[in-house]
Amino acid sequence: MDVRTRVGCYAWIERDGAVLLSRWRGMTLPDGRVARPGWTLVGGGIEPGETPEQAAVREVGEESGYAVRLTGVLTTDAWSGVDDTDPTGQAVWQAVRVVFTAEVESGELTVETDGSSDDVRWVPLEELAALPCLSLVDTAWRAAGGPGLPEVALGFGPVDEAAVGRMRSLVERARAARAQGETVQGEAAPRPGVTVVAVDGPSGSGKTVLARALARDLGAPLVHMDDLYPGWDGLDAGPGLLAAQVLEPLARGERAAYRRWDWHASDWAGEQVEVPDPDGGVLVVEGCGSSVGPAGERAAVRVWVDAEPALRMRRGIARDGEAYRPHWERWAEQEARLFAADRTRDRADLVVDTSPGAG
């Protein structure tokens, strides 16, 4: 396996209730998919010969025009995944991120030129939720004692914008039909004015990337099935739990909340997660089984996302590590049984293949 490691050094700089953020300009991949622009912490990759501290100070200066003094280490994290720019699909990114706290000593706010960012600003903390922010902002804000971002925080996964556009068209059609009093697919709606979109398919297919993009575009709340499964052997229970805790309460005009599975403790977490009111008229649900059985009966739009099995497995192992291969294999067996019995793909309104060259 070709592992490509990148160390990034960033700064959480908070002043007068605002944090300094830069806007990553995004990128378009050779296959046409887009890594969407988003707001993130000032910072960037370490260069040969630098210490993490030196890299953070240099990057902050380049992206903001400020000279800063580092005051401590706020947090570190890491993520890994298949390198989407590699045509063979064999390369893996391993990213390590170090976030410092810092104070501005001098300089004037200046937007970087000819770099990876195209804007920089002080953002009031209460306005962070409204911005398309990358996940690093959520990580740092929580480490700094804040509440973190809502689910609409973006990741780095490249988006098939054509597929998202087709999803939006299906949602618009379903909402128009419901507004005219028609029955969508002959199935029960959660409640008048609310359209449920289920983004389903096997693990590693790219459901989360598409669902996040759609939810961001529509201003809709997003529910992840990963929060509902009771462990690695709990796929069959997922659709029923989604229907009982989320979709059926919405059908009764009630607020919905669900128990969250704590994967580290292998037990239900103590708190319940309240689903934000879909006042925009749409609720997006993503995950294996989100359009199966009782959950599927409440979905107005069903999207099936798939990819070549070997690619899906590589994505999963790249993200979770080789130690999780037995879990992935066990989960794949459950998927095959569930989807075959339900004929989930056959009943989808839209099928998206995220394999390279699938079109």
Side-chain angles (χ1 to χ4, degrees), residues 1-9 29 31 33 35 45-46 52 75-99 134-136 138-139 153-159 199-212 224-238 260-269 286-290 305-340 352-358:
M1 181 180 294
D2 178 12
V3 180
R4 304 173 181 180
T5 302
R6 180 184 186 274
V7 178
C9 304
L29 300 181
D31 63 6
R33 289 179 300 161
I46 192 171
T75 190
T76 63
D77 79 342
W79 61 268
S80 59
V82 171
D83 182 358
D84 291 288
T85 65
D86 176 31
T88 70
Q90 301 297 321
V92 172
W93 273 115
Q94 174 64 54
V96 178
R97 302 185 291 192
V98 182
V99 181
L134 302 183
S135 59
L136 182 60
D138 175 70
T139 299
L154 301 176
F156 277 107
V159 176
V199 184
D200 208 334
S203 296
S205 58
K207 301 180 295 297
T208 304
V209 170
L210 289 171
R212 277 179 170 164
H224 293 282
M225 293 293 291
D226 280 353
D227 288 340
L228 297 170
Y229 310 125
W232 284 103
D233 296 302
L235 176 55
D236 287 346
R260 179 182 63 82
W261 182 259
D262 187 330
W263 289 87
H264 296 289
S266 295
D267 199 358
W268 295 108
E286 72 86 19
C288 303
S290 58
V305 187
D306 211 339
E308 299 170 356
L311 174 59
R312 292 193 286 101
M313 181 62 76
R314 285 200 300 273
R315 288 171 175 170
I317 300 305
R319 184 188 68 191
D320 295 338
E322 186 63 36
Y324 281 84
R325 185 180 293 275
H327 296 302
W328 270 76
E329 292 173 345
R330 191 164 83 250
W331 187 264
E333 293 174 357
Q334 296 174 68
E335 289 177 345
R337 291 194 301 268
L338 181 71
F339 291 142
V352 179
D353 191 334
T354 64
S355 304

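None of the values given here were measured: they were computed from a predicted structure.
- Atom CH2 of Trp331 is separated from atom CG of Leu235 by 4.5 Å, given to the nearest 0.5 angstrom.
- Annotation: the span from Thr5 atom OG1 to Gln94 atom CD amounts to 6.0 Å, rounded to 0.5 Å.
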Can you list, pair by pair, the side-chain donor-acceptor contacts under 3.5 Å of residues 225-233, counting residues two or more places apart and other chains?
from: Asp227; atom 1: OD2; to: Tyr258; atom 2: OH; distance (Å): 3.3
from: Tyr229; atom 1: OH; to: Cys288; atom 2: N; distance (Å): 2.9
from: Tyr229; atom 1: OH; to: Cys288; atom 2: O; distance (Å): 2.6
from: Asp233; atom 1: OD1; to: Arg330; atom 2: NE; distance (Å): 2.8

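- Taking the six-membered ring where tryptophan is involved, the planes of His327 and Tyr324 are tilted, since the angle between them lies from 30° to 60°.
- Counting only distance, with no hydrogens or angles, the side chain of Asp262 and the backbone of Asp267 share no donor-acceptor pair below 3.5 Å.
- Among residues two or more places apart in sequence or in another chain, the salt bridge (Lys or Arg N to Asp or Glu O under 4.0 Å) test is passed with Arg325 by Glu322.
- No donor-acceptor pair closer than 3.5 Å links the side chain of Ser205 to the backbone N or O of Ala307.
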Where do Asp236 and Leu338 land on the side-chain contact (heavy atoms from CB on, under 4.5 Å) test, with the steps shown first? CA-CA 7 Å; Asp236 287 346; Leu338 181 71; 3.8 Å; yes

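- Residues passing the salt bridge (Lys or Arg N to Asp or Glu O under 4.0 Å) test with Arg319: none are found, sequence neighbours excluded.
- Residue Val305 forms a side chain to side chain contact (heavy atoms under 4.5 Å, CB included) with just one option from Val199, Thr208, Asp353, Val209, and that option is Val199.
- A distance-only check finds a donor-acceptor pair linking the side chain of Arg315 to the backbone of Gly204 [under 3.5 Å].
- Under a 3.5 Å cut-off, the side chain of Thr75 and the backbone N or O of Val99 do not form any donor-acceptor pair.
- Taken to the nearest 0.5 Å, the CZ atom of Arg312 stands 5.5 Å off from the CG atom of Asp306.
- Side-chain N or O atoms of Glu286 include none that pairs as donor or acceptor with a backbone N or O of Arg212 at under 3.5 Å.
- Taking OG1 from Thr354 and CD from Glu308, the interatomic distance works out to 9.0 Å, rounded to the nearest 0.5 Å.
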